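The block underneath contains the structure these notes are about, expressed in structure tokens.
Reminder, nothing fancy here: chain letters follow the sequence lines and each chain counts from 1. Not measured: the values here are computed from a predicted model.
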Amino acid sequence: MKNEKSFKNRVNELVAQIPKGKVMTYGQIAALCGRPRAARMVGGIAHHGDTGLPWHRIVKKDGGLAEGYPGGTQGHRAALEVEGVKFTDSGRIADMHKRLWQGSL
DNA sequence: GTCATGACGGATC
DNA sequence: GGATCCGCCATGA
């Protein structure tokens, strides 16, 4: 069997499955797609991907926010707070480890 | 087919 | 703990 879909296509599908109130790191998503070192790809795909997907649920490994998000980390943070995610004064997710979604492919 | 890029990650200073 | 540099891999031109 060949590759069913492109790497970015898998990322799109995976992101679409992230439940509300949960988040995933770029590296984790990339790893689940089979490329643990393609974290940068996930970011690039996010910028080009569909706006109908919860890209705001994707954060950095430290629980940090995306710099290129429309509105900046500020807008990204606001989007997550709406879903019930708490943030620290440092601008990172307070309980990121609990909010982390294992994902399932 | 080749070059340069990108919403990162990890290591180092 | 914070900031900086390099490296990784797939995508697009």
Next on the checklist: Can you measure I45(A) atom CD1 to dC8(B) atom P for me and round it to whole angstrom units?
Outcome noted: 12 Å
Next on the checklist: Just the rounded figure in Å: distance from P of dC8(C) to CD1 of I29(A).
Outcome noted: 22 Å
Item to check | R40(A), nearest nucleotide to its side chain (from dC8(C), dG9(B), dA10(C)) | outcome: dC8(C)
Next on the checklist: Quick one about H56(A) and E83(A) (side-chain donor to acceptor, distance below 3.5 Å, no hydrogens or angles considered), yes or no?
Outcome noted: yes
Next on the checklist: If you compare every side-chain N and O of K8(A) against the phosphate oxygens of dG12(C) (OP1, OP2), does one of them come in below 4.0 Å?
Outcome noted: yes
Item to check | Nucleotide opposite dG10(B) in a Watson-Crick or G-U pair, distances under 3.5 Å | outcome: dC5(C)
Checklist entry - Taking CD from E67(A) and P from dG9(B), how many angstroms apart are they, rounded to a whole number? => result 12 Å
Next on the checklist: With hydrogens left out and only the distance checked, is there a donor-acceptor pair under 3.5 Å joining R37(A)'s side chain and the base of dC9(C)?
Outcome noted: no
Checklist entry - When the distance from NE2 of H76(A) to P of dA7(B) is rounded to whole Å, what number comes out? => result 14 Å
Item to check | side chain to side chain contact (heavy atoms under 4.5 Å, CB included) partner of C33(A), the single match among Q28(A), K5(A), R10(A) | outcome: R10(A)
Next on the checklist: Need one value for K61(A): base, sugar-phosphate or nothing, where a base atom within 4.0 Å counts as base even if backbone is also close, heavy atoms only.
Outcome noted: base
Checklist entry - Which atom names give the shortest non-hydrogen contact between W55(A) and H76(A), and what distance separates them? => result O-NE2, 4.2 Å
Item to check | Whole-Å gap separating P (dA10(C)) and NZ (K5(A)) | outcome: 19 Å
Checklist entry - Nearest of dC8(C), dT11(C), dC9(C) to any side-chain atom of R35(A)? => result dC9(C)
Checklist outcome for this item: note: Q28(A), atom CD; dG10(B), atom P; distance rounded to Å ~ 11 Å
Item to check | Flag, side chain of T88(A) to backbone of S90(A), donor-acceptor distance under 3.5 Å | outcome: yes
Next on the checklist: If I take atom CH2 in residue W55(A) and atom P in nucleotide dC8(B), what distance separates them, rounded to the nearest angstrom?
Outcome noted: 13 Å
Item to check | A38(A) side chain, from C-beta outward: closest of dC9(C), dC8(B), dA7(B) | outcome: dC9(C)
Checklist entry - Counting N and O atoms only, with roles assigned by atom type, does the side chain of R57(A) sit under 3.5 Å from a partner on the main chain of I18(A), one being a donor and the other an acceptor? => result yes
Checklist entry - Which part of the nucleic acid, if any, lies within contact of A39(A), taking any heavy atom under 4.0 Å across all strands shown: a base, the sugar-phosphate backbone alone, or nothing? => result sugar-phosphate
Checklist entry - Considering only side-chain heavy atoms of R92(A), which listed nucleotide, dT11(C), dA7(B), dG2(C), is closest? => result dG2(C)
Checklist outcome for this item: note: H48(A), atom NE2; dA13(C), atom P; distance rounded to Å ~ 8 Å
